[in-house]
Amino acid sequence: MAQGMTTRLSQLNRSVAGKAVIVTGAASGMGRATAHLFADEGARVVVADLGEERVAKVVAEITAVHGANNVVGVVADVTSDADRRRVVDTCLSQFGVIDVLVNNAGISVGSSVFADDDEFSLAWDNTLAVNVSAQAHFIRLVVPHMRSAEIAGRIINIASTEAIVATPGLAAYTAAKHGVVGLTKSMATQLGRYGITVNAVCPGPINTNMTADIPTDAKAKYAHRKVPLKRYGEPEEVAHMTLNLAMPASSFVNGAVVVVDGGMTIQH
Ligand code: NAD
């Protein structure tokens with residue numbers, strides 16, 4: 001007789017229910033979609049972003065669906081050490097643990113090699129501060145709590161296809177996103193022994209505030225030329241990959257750079 005027929009073979013859990021999750025940049029776009037998705041799947045979420053009203057709006061949206069116990073907002077600038085500590089402290093005081101960090105907050109400003117000195121310096125400094133340095137500092141703040149938690153931690157850094165290929169005039173953004181991948185890989189090698197995984201997600205062109213100023217016909221043309229699926233992606237399509245990396249079942253995925261771009265970067 002075949003063995004094990006009465007028990008299922010798969011053992012790993014796909015549920016993030018009850019997990020305490022910090023999402024930065026959660027008032028808009030992919031961060032908002034990610035915060036909603038985690039809450040929809042039963043997790044408890046810290047919504048961190050700039051702007052009191054913007055944060056309150058997303059907290060209210062999630063509260064309306066899941067109640068007030070599963071979500072808390074923190075108005076925070078990810079480039080501020082004090083603000084980052086408030087985000088972490090709020091997660092601990094509300095939920096008692098930190099299971100997942102989604103480093104999502106980001107900005108995209110031009111940084112042409114031919115720009116004025118001041119303009120280039122400002123773009124360079126701000127872009128690296130928000131898009132990569134803040135991620136590193138946030139990881140350092142959550143790791144001690146994840147190490148002491150019983151359940152292994154999950155860190156997901158949002159990079160970009162600009163971490164793999166490049167666009168003229170976006171030197172700072174491209175450098176920062178390549179930096180996110182390097183940060184991810186280094187942290188993954190160091191934190192693996194504690195059962196903490198660190199992975200990066202590289203979205204392609206996604207319909208969010210970041211791309212809202214691009215005219216619709218320009219987006220359509222770009223997507224037609226560049227993306228095998230012939231369209232921009234939606235924030236939720238990226239959020240599901242982030243959620244996957246946070247699942248207990250993703251326990252052996254570490255240091256991965258996962259592209260969610262409709263096939264853009266594999267096409268000549
Ligand atoms: P978005 O503009 O809709 O959301 C970004 C959020 O980050 C905003 O709510 C903004 O307030 C927040 N943020 C910016 N600076 C911050 C700071 N200093 N402190 C706290 N919060 C801050 O854009 P999005 O497209 O959802 O961007 C999310 C992430 O995805 C970013 O890291 C971005 O670089 C990346 N990304 C976007 C695309 C795209 O096509 N939209 C593609 C690849 C990667």
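When a ligand or atom number is given, it counts from 1 through the structure's own listing order. These figures come from a predicted structure and were not determined experimentally. Computation of the quantities below employed the complete heavy-atom set of this structure, encompassing side-chain atoms and omitting hydrogens, waters and symmetry-equivalent molecules.
- With salt bridges taken as basic N to acidic carboxylate O contacts below 4.0 Å, none links Lys221 and Asp217.
- For atom 42 (C) of ligand 1, the nearest protein heavy atom (residue, atom name, distance) is Gly204 O, 3.1 Å.
- Using a 4.0 Å cutoff on heavy atoms, Thr211 counts as a contact of ligand 1.
- With distances taken over non-hydrogen atoms, the option nearest atom 20 (C) of ligand 1 out of Pro235, Ala48, Ala76 is Ala76.
- For atom 32 (O) of ligand 1, the closest non-hydrogen atom on the protein side is Asn104 O, 2.8 Å.
- Counting only heavy atoms of the protein, atom 34 (O) of ligand 1 lies nearest to Tyr173 OH, 2.6 Å.
- A salt bridge links Arg84 with Asp81: the distance from a Lys NZ or Arg NE/NH1/NH2 to an Asp or Glu carboxylate oxygen falls below 4.0 Å.
- The shortest separation from a heavy atom of Ala26 to ligand 1 is not under 4.0 Å, leaving the residue out of contact.
- The shell of residues lying under 4.0 angstrom from ligand 1, judged by heavy atoms, includes Arg54.
- With respect to atom 5 (C) of ligand 1, the closest heavy atom belonging to the protein is Gly106 O, 3.8 Å.
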| Could you go step by step and tell me if Thr197 and Ser250 meet the side chain to side chain contact (heavy atoms under 4.5 Å, CB included) rule? | CA-CA 9 Å; Thr197 67; Ser250 295; over 6 Å; no
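- Looking at atom 40 (O) of ligand 1, its nearest protein heavy atom turns out to be Ile206 N, 2.9 Å.
- Assignment of Lys177 to the shell around ligand 1 is supported, since a heavy atom sits closer than 4.0 Å.
- Across all their heavy atoms, Val260 and Ile206 have their closest contact at O-CD1, 4.4 Å.
- Counting protein heavy atoms only, atom 12 (C) of ligand 1 is closest to Asp49 OD1, 3.2 Å.
- The shortest separation from a heavy atom of Tyr232 to ligand 1 is not under 4.0 Å, leaving the residue out of contact.
- Inclusion of Thr161 in the set of residues having an N or O under 3.5 Å from an N or O of ligand 1 is not warranted.
- For atom 44 (C) of ligand 1, the nearest protein heavy atom (residue, atom name, distance) is Ala159 O, 3.2 Å.
- Checked against a 3.5 angstrom limit, the closest N/O atoms of Thr208 and ligand 1 fall inside it.
- The residues Lys57 and Glu53 are annotated as not salt-bridged, no charged nitrogen and carboxylate oxygen being separated by less than 4.0 angstrom.
- Counting heavy atoms of neighbouring residues, nucleotides and ligands inside a 6.0 Å radius, atom CD of Glu236 does not exceed 12 of them.
- Put simply, the side chain of Asp49 never gets that close to the backbone of Val55: no donor and acceptor are under 3.5 Å apart.
- Counting heavy atoms from C-beta on, the side chains of Val87 and Phe138 come closer than 4.5 Å.
- Protein heavy atom at the shortest distance from atom 26 (O) of ligand 1 is Met30 N, 2.8 Å.
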